[in-house]
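Written out below as structure tokens is the structure these notes cover.
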Amino acid sequence: MTVYFIGAGPGDPELITVKGQRLIHRCPVIIYAGSLVPTAVLEGHRAETVINSAELHLAQIIEAIKHAHDQGLDVARVHSGDPSLYGAIGEQIRYLRELGIPYEIVPGVTAVAASAALLGCELTLPDIAQTVILTRYGDKSPMPEGEQLAELARHRTTLAIHLGVKHLERIVTELRPYYGGDCPIAVVHRATWPDQDWVLATLDGIVEQVQAKGFRRTALILVGRVLANDSFAESALYRASHAHLYRPNEN
């Protein structure tokens, strides 16, 4: 018996991995995050038990897994995006280790990757940004020391901010001294879902546009010059003068 923490991807059921889909179809027990995972992801399953974890607290989830374990039944524990990022799997794994229940993590497509694809951009451009920082906005739950947004903004690289759209005005205020008011920022709402929508603007203009859209939750914030920049050097990888193992210098 194994518990499979499966990343269902950002919303589009076609963006789940082949392995993740195969396990969902095979496992006799499915526990899925119904508030974030569309039921279309579960299509084709033959599970005897399907549980929406949005209706449960942690102890109840662990009890359901333990019950499956006692029966020798594999569990597909389905989370949105990639379960290793803000998936709350760490606390579940801690209990599974204590109980001696085997588990495996199956990666998924992240909201960051889906949003970049939707915007048609690369998040790491030569001379512009070679680092992507994934973070969340600390409000009710404080951030660890050194991870406050202003500290991260000092790097002036590409930022992906989860769980922050309700605090967009405060975020802009904290970022503007480091990025400048003309820096591009995108707010992507429910990337890859049928009702997906987004705004691409500057730090100076984003708040009003997002308010007009009415985005309140399930949105990712991307910040950085990579979002609207065609003035960057070409990569060395495809440069004609750059020789490597697969393309040796013929001169």
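This chain uses plain numbering: 1 for the first residue, then up along the sequence.
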Legend entry - Gln92 side chain vs Ala88 backbone, donor-acceptor pair below 3.5 Å: yes

Inset, instruction - Classify the angle between the aromatic ring planes of Phe5 and His79 as parallel (below 30°), tilted (30 to 60°) or perpendicular (above 60°). - result: tilted

Inset, instruction - Using atom types as modelled and distance alone, determine if a side-chain donor or acceptor of Thr110 lies under 3.5 Å from a backbone N or O of Ala113. - result: yes

Inset, instruction - Only pairs at least two apart or in different chains count here, so list each side-chain hydrogen bond (donor to acceptor under 3.5 Å, both in side chains) that has a residue in residues 215-224. - result: none

Inset, instruction - For residues 195-206, pull every pair meeting side-chain hydrogen bond (donor to acceptor under 3.5 Å, both in side chains), keeping only residues two or more places apart or in separate chains. - result: Arg176-Asp204, Arg190-Asp195, Asp197-Lys213

Inset, instruction - Could you tell me which residues satisfy ring-ring contact (aromatic ring centres under 6.0 Å, His included) with Tyr179, sequence neighbours excluded, listed by chain and number? - result: none

Legend entry - Other residues, nucleotides, ligands: >12 heavy atoms within 6.0 Å of Arg94 CZ: no

Legend entry - Pairwise side-chain hydrogen bond (donor to acceptor under 3.5 Å, both in side chains) hits with a residue in residues 142-161, at least two apart: none

Legend entry - Listed once per pair and sorted, the ring pair (Phe, Tyr, Trp, His ring centres under 6.0 Å) pairs that draw on residues 123-153, sequence neighbours left out: Tyr137-His167

Legend entry - Arg225/Asp127 salt bridge by N-O under 4.0 Å criterion: no

Inset, instruction - Without swapping roles, check the side chain of Glu48 against the backbone of Val29 for a donor-acceptor pair under 3.5 Å. - result: no

Legend entry - Heavy-atom neighbours of Tyr86 OH exceed 12 at 6.0 Å: yes

Inset, instruction - Check whether the side chains of Thr17 and Arg22 place a donor and an acceptor atom closer than 3.5 Å, and report yes or no. - result: no

Inset, instruction - Measure from the side-chain N and O atoms of Asp74 to the backbone N and O of Cys27, and report whether any donor-acceptor pair falls under 3.5 Å. - result: no

Legend entry - Side chains of Leu42 and Val50 in contact at under 4.5 Å (non-hydrogen atoms): yes

Legend entry - Charged N-O contact under 4.0 Å between Lys19 and Glu104: yes

Legend entry - All ring-ring contact (aromatic ring centres under 6.0 Å, His included) counterparts of His69, not counting sequence neighbours: none

Inset, instruction - Without swapping roles, check the side chain of Thr192 against the backbone of Asp12 for a donor-acceptor pair under 3.5 Å. - result: yes

Legend entry - Non-hydrogen atoms of Ile6 and Gly20 that approach each other most closely: CG2-CA, 3.7 Å

Inset, instruction - Quick one: closest heavy-atom pair of Ser115 and Ala191, and the distance? - result: OG-CB, 3.9 Å

